[in-house]
Structures are given as structure tokens and as C-alpha cells.
Amino acid sequence: DTAVSQTPKYLVTQMGNDKSIKCEQNLGHDTMYWYKQDSKKFLKIMFSYNNKELIINETVPNRFSPKSPDKAHLNLHINSLELGDSAVYFCASSQDGQARTGELFFGEGSRLTVL
Amino acid sequence: AQSVTQLDSHVSVSEGTPVLLRCNYSSSYSPSLFWYVQHPNKGLQLLLKYTSAATLVKGINGFEAEFKKSETSFHLTKPSAHMSDAAEYFCVVRAGGYQKVTFGTGTKLQVIP
């Protein structure tokens, strides 16, 4: 049983389209995250939710909108896709977003390619 | 504020020789430190973590790391590299509170047969 699962794994789309990536965790964690990994493997935090409440919102274009219907799910919707949005998007979760000792558990990633 | 620096973007070793991946950090608070591994087209997997107990931490697949406060370092080592160790490795610092987890820029480990 996969702990953090994301769908789809691969996404190829045209500029200007809207797309969503879904994430679910079955670990009972309180906190979930979206990270963006660029072509140089650099990981950048985008958003973090704790019990459905947004707690971290980095400088991300407002074309990106996260939604957390419950604490086990955190989806990412992207409007008007641009070439620069091409990246691998990782969902992650941790037991408690405040605890410095808690490690993050990652999904396998969703590779988005914008043509 | 916190930051983490991985001193080498690329490390190449021969199979069976030791591995050393270097990481330095800075933090205003007592941090936890983590090493993650990412194999090609995969997610990140936790190798080991330091959370203020023993300074020498053992992880999976024979890896270990030593927390040295005086040097603000948390280098990752393995006595003997295996081909399956070829991957990207990330050092991570976390100081608690609703603060973002800070990743290093990654070190790509190449293992030569």
C-alpha cells in the first residue's frame, strides 16, 4: 500500500491549458506539501497545509491553486500552463508540521511537460 | 533563518571504495538534519536523520552520518560503494515550527564499475 500517492505520474499538455495533480496520503499525517523540482534537481517548496489549513504559501504564481478537501488529500490545480511550469511536482506529508524531528514522506512525483 | 550547503554537486567513486558526501548547515535553532536519496524517476527516500540524540547516525543500506556541531556539518558516508548507490542525494535541515524544510541543492553520486 503506497504511503503517499500522486496521480498522474506523467502529464504532457499544451501551453494555456489547465491541469490538476492529485495527492493522497494514508499515513494519518497532519501536514502535506507540494514541492517543485526543476531540471537541475533543485527542490522548492510551493505550499504546505496542516489539517486542511494553508500554512506555507511561497512566492508562487496565482495560477497555482492548492486544495485540501481533507487532511489526507492535497491537490494542485494549475491554470494557463506556461513552458516554465515544466518540472516534476512532488507531494509529501509529515506527522506534524511544527515538529522539527519529523521527516517528510514523498510521493513518486508527477512529471509535467508543457509544449 | 536556516540554510544548507552541499559542497559537491557531483561525486564519482569506484565500486567498493568509500563514499563521502559533504553537507554544511546553518540554523538559528537546534536543527534536525536528514539525508534523502532519489533514484532516477523516483521520489525521495529517507536514508537517515539526526534529531539531537546520538551524533553518529546509522541509516539504511550501510550509510551513516555524523553530526558535528562545532563544524556545522553532517557528512554522509558509506565504507564501500555499490552500483545501486548511484543516485541524487539531498541534505535537509529543519528547525521546527511551521518553517519550511530547507533542502540542499543535491549531490549526484556516480559509481564506476
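The analysis underlying the following values was restricted to heavy atoms, covering all of them including side chains, and did not include hydrogens, waters or symmetry mates. Letters A, B, ... are given to chains in the order of the sequence lines, protein chains preceding strands, and every chain is numbered from 1.
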Honestly curious: do A:Tyr10 and A:Leu83 fall in one hydrophobic cluster under the side-chain, below-4.5 Å linking rule? no
When hydrophobic residues are tied together by side-chain contacts of less than 4.5 Å, even through go-betweens, does A:Leu76 share a cluster with A:Ile56? no
By a 4.5 Å heavy-atom criterion (distance strictly below it), what part of B:Gln45 contacts chain A: side chain, backbone, both, or neither? neither
Select, from A:Gln37, A:Lys9, A:Lys40, the one with the greatest count of heavy-atom pairs under 4.5 Å involving chain B. A:Gln37
At under 4.5 Å between heavy atoms, what parts of residues 106-115 of chain A are in contact with chain B? List them by residue number. A:Phe106, A:Gly107, A:Glu108, A:Arg111
So, do A:Phe42 and B:Phe103 sit near enough that their side-chain heavy atoms are less than 4.5 Å apart? no
Using the salt bridge (Lys or Arg N to Asp or Glu O under 4.0 Å) rule, take B:Lys49 and A:Glu103 through it: C-alpha gap first, then chi angles, then the decisive distance, then the call. CA-CA 8 Å; B:Lys49 69 176 182 180; A:Glu103 67 261 38; 2.6 Å; yes
Answer yes if B:Phe34 and B:Leu20 sit in the same cluster of Ile, Leu, Val, Met, Phe, Trp and Tyr residues linked by side chain heavy atoms under 4.5 Å apart, and no otherwise. no
In terms of heavy-atom pairs under 4.5 Å, which option from B:Glu88, B:Lys108, B:Gln38 contacts chain A the most? B:Gln38
Can you spot which of B:Val101, B:Leu44, B:Val92 makes a side chain to side chain contact (heavy atoms under 4.5 Å, CB included) with A:Leu104? B:Val101
Between B:Arg94 and A:Ser94, is any pair of side-chain heavy atoms under 4.5 Å apart? yes
Around A:Glu53, counting heavy atoms of other residues, nucleotides and ligands shown, do more than 12 lie under 6.0 Å from its CD? no
Check whether A:Lys44 gets within reach of chain B through its side chain, its backbone, both or neither, counting any heavy atom under 4.5 Å. neither
Quick check on A:Gln6 against chain B: is it the side chain, the backbone, both or neither that has a heavy atom closer than 4.5 Å? neither
Determine, using the 4.5 Å side-chain heavy-atom cutoff (strictly less than), whether B:Ile112 and B:Leu21 are members of one ILVMFWY cluster. no
Transitively linked via ILVMFWY side-chain contacts under 4.5 Å: A:Ile45 with A:Val88? yes
